[in-house]
2 protein chains.
Amino acid sequence: MTIKLSNTNQRRVIIEELKKLTSHPTADELYEIVKERLPKISLGTVYRNLEQLSAAGLIWKLELSGSQNRFDGNVEKHFHKRCPNCGAVEDIEYHAFAEADRHLTNACQNYAIEGYTLEFRGLCYCCQSS
Amino acid sequence: MTIKLSNTNQRRVIIEELKKLTSHPTADELYEIVKERLPKISLGTVYRNLEQLSAAGLIWKLELSGSQNRFDGNVEKHFHKRCPNCGAVEDIEYHAFAEADRHLTNACQNYAIEGYTLEFRGLCYCCQSS
DNA sequence: TTAAAAAGTGATAATGATTATTAAATTTTA
DNA sequence: TAAAATTTAATAATCATTATCACTTTTTAA
């Protein structure tokens, strides 16, 4: 039951632009970027496609703290760090926490748990130096 | 700089009712409960107080996935599990993940990270049996 | 290849959670 | 105990997201 998505130009540009970024944009941030290539696109289309693409496993929907969801074109296993000051979201390479991840996954196995979400908190580079 | 809060009846009842529960209610769920004792209280008062109480460290604001924030009267160290089916939030006792927690905390120390939030996913008892 | 069916789009309205505003009431301070 | 500070209830405003719908594009299958 793989999800079937049509090949529309809007969808192609949305995923293409998202995969260029490492900034984990919100739907409206990505909308502003995509609009440069498709000036007629509507915000609803961006929301709808991000939802579908993440349901299809082609991107990640980051339901972290904060009022807006963010999206990630990198579906490799990795974690995120959120700046408590400005809200920016950065990647944390998996290897740094691989051992901790193994322990978590093992601990999960005794419980009726399917998985977990791990969100780190810490000042980003910009906020540290100001 | 401890936060100073007045001793209002509304505040007292809100924290009292929250601490009775292990269900991690949303602001509006707690509003319905508090209204039984204070029929004139307004939803805004509940929101404002929950915000203040969590800023003061007297309760926890759970910014988990899902569209509504939840609140927890138990400020002891523990984790949460969220049911992907019904959205219910359950406690997970710390000891089950204490070793994993130690590994995470150690891994954090090499980074500019202050802490982390860990959210487990898994069907709750109700959803498993239906 | 082409016509019917399915899926997607843009514009806009609607929803739902949360925050802001404000005049009146309560609590704290000195 | 009176002035200052804080909080409240009611309500409006905001912000992110989802729904609606007439129209267009893409897919399917003959």
Side-chain angles (χ1 to χ4, degrees), chain A residues 1-18 24-56 58-72 82 86-89, chain B residues 1-18 24-56 58-71 82 86-87 89:
Chain A
M1 47 165 284
T2 315
I3 294 171
K4 187 73 187 308
L5 297 178
S6 292
N7 260 322
T8 68
N9 210 276
Q10 290 89 333
R11 185 127 58 216
R12 221 173 298 119
V13 173
I14 287 169
I15 195 167
E16 205 171 295
E17 291 299 323
L18 179 60
H24 315 90
T26 59
D28 61 297
E29 284 168 355
L30 191 58
Y31 167 63
E32 292 301 331
I33 290 166
V34 167
K35 222 167 30 170
E36 311 233 326
R37 288 176 59 185
L38 304 171
K40 293 287 195 63
I41 200 171
S42 87
L43 179 57
T45 297
V46 175
Y47 267 105
R48 185 172 2 90
N49 276 290
L50 289 172
E51 205 56 55
Q52 291 169 323
L53 290 167
S54 69
L58 298 173
I59 65 174
W60 265 10
K61 179 178 181 179
L62 308 181
E63 295 183 298
L64 306 178
S65 64
S67 56
Q68 290 182 79
N69 290 323
R70 291 175 174 273
F71 296 86
D72 194 338
R82 185 182 172 83
C86 71
V89 173
Chain B
M1 49 162 287
T2 315
I3 294 170
K4 188 77 186 305
L5 298 177
S6 292
N7 262 322
T8 67
N9 209 258
Q10 289 89 334
R11 186 128 58 215
R12 220 174 299 118
V13 173
I14 286 169
I15 195 168
E16 205 172 295
E17 291 299 323
L18 179 60
H24 316 90
T26 59
D28 61 296
E29 284 168 355
L30 190 59
Y31 168 64
E32 291 301 330
I33 291 165
V34 166
K35 223 169 24 171
E36 310 233 326
R37 289 175 60 186
L38 303 172
K40 293 285 196 65
I41 200 171
S42 86
L43 179 56
T45 298
V46 175
Y47 267 104
R48 185 171 3 89
N49 276 290
L50 289 172
E51 205 56 53
Q52 290 168 323
L53 290 167
S54 69
L58 299 173
I59 65 174
W60 266 11
K61 179 178 179 178
L62 308 181
E63 294 183 297
L64 306 178
S65 64
S67 55
Q68 289 182 80
N69 289 323
R70 291 174 174 276
F71 296 87
R82 185 181 172 83
C86 71
V89 173

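By convention in this document, chain letters (A, B, ...) are assigned in the order of the sequence lines, proteins followed by strands, and residues within each chain are numbered from 1. Computed from a prediction, not measured in an experiment: that's the story for all the values here.
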Going by heavy atoms in the side chains, are [X] and [Y] under 4.5 Å from each other?
{"X": "A:Leu50", "Y": "A:Leu18", "answer": "yes"}
{"X": "B:Gln68", "Y": "B:Asp28", "answer": "yes"}
{"X": "A:Ile14", "Y": "A:Ile41", "answer": "yes"}
{"X": "A:Ile15", "Y": "A:Leu58", "answer": "yes"}
{"X": "A:Glu36", "Y": "A:Glu17", "answer": "no"}
{"X": "A:Tyr31", "Y": "A:Ile33", "answer": "no"}

Check: Should A:Gln52 be listed as having a side-chain N or O under 4.0 Å from OP1 or OP2 of C:dG8?
Finding: yes
Margin query: Please encode protein proximity along nucleotides 11-20 of chain C as a string of B, S and -, counting only heavy-atom distances under 4.0 Å.
Written below: B-----SBB-
Margin query: Give me each pair satisfying salt bridge (Lys or Arg N to Asp or Glu O under 4.0 Å) with a member in residues 43-53 of chain B, each pair once, sequence neighbours excluded.
Written below: B:Glu51-B:Lys61
Check: In whole angstroms, how far is the C1' atom of C:dG8 from the CG atom of A:Leu50?
Finding: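 About 15 Å, once rounded to whole Å.
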Next item on the list: To the nearest Å, give me how far apart NZ (B:Lys35) and P (D:dT8) are.
Entry: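 B:Lys35 atom NZ is separated from D:dT8 atom P by 17 Å.
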Checklist line | N-O pairing of A:Arg70 and A:Glu63 below 4.0 Å | finding: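 Here A:Arg70 does not pair with A:Glu63 in a salt bridge, since their nearest N and O are not under 4.0 Å apart.
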Can you pull every protein N or O that's under 3.5 Å from an N or O on nucleotides 23-30 of chain C?
from	atom 1	to	atom 2	distance (Å)
C:dT28	OP1	B:Asn7	N	2.9
C:dT29	OP1	B:Lys4	NZ	2.9

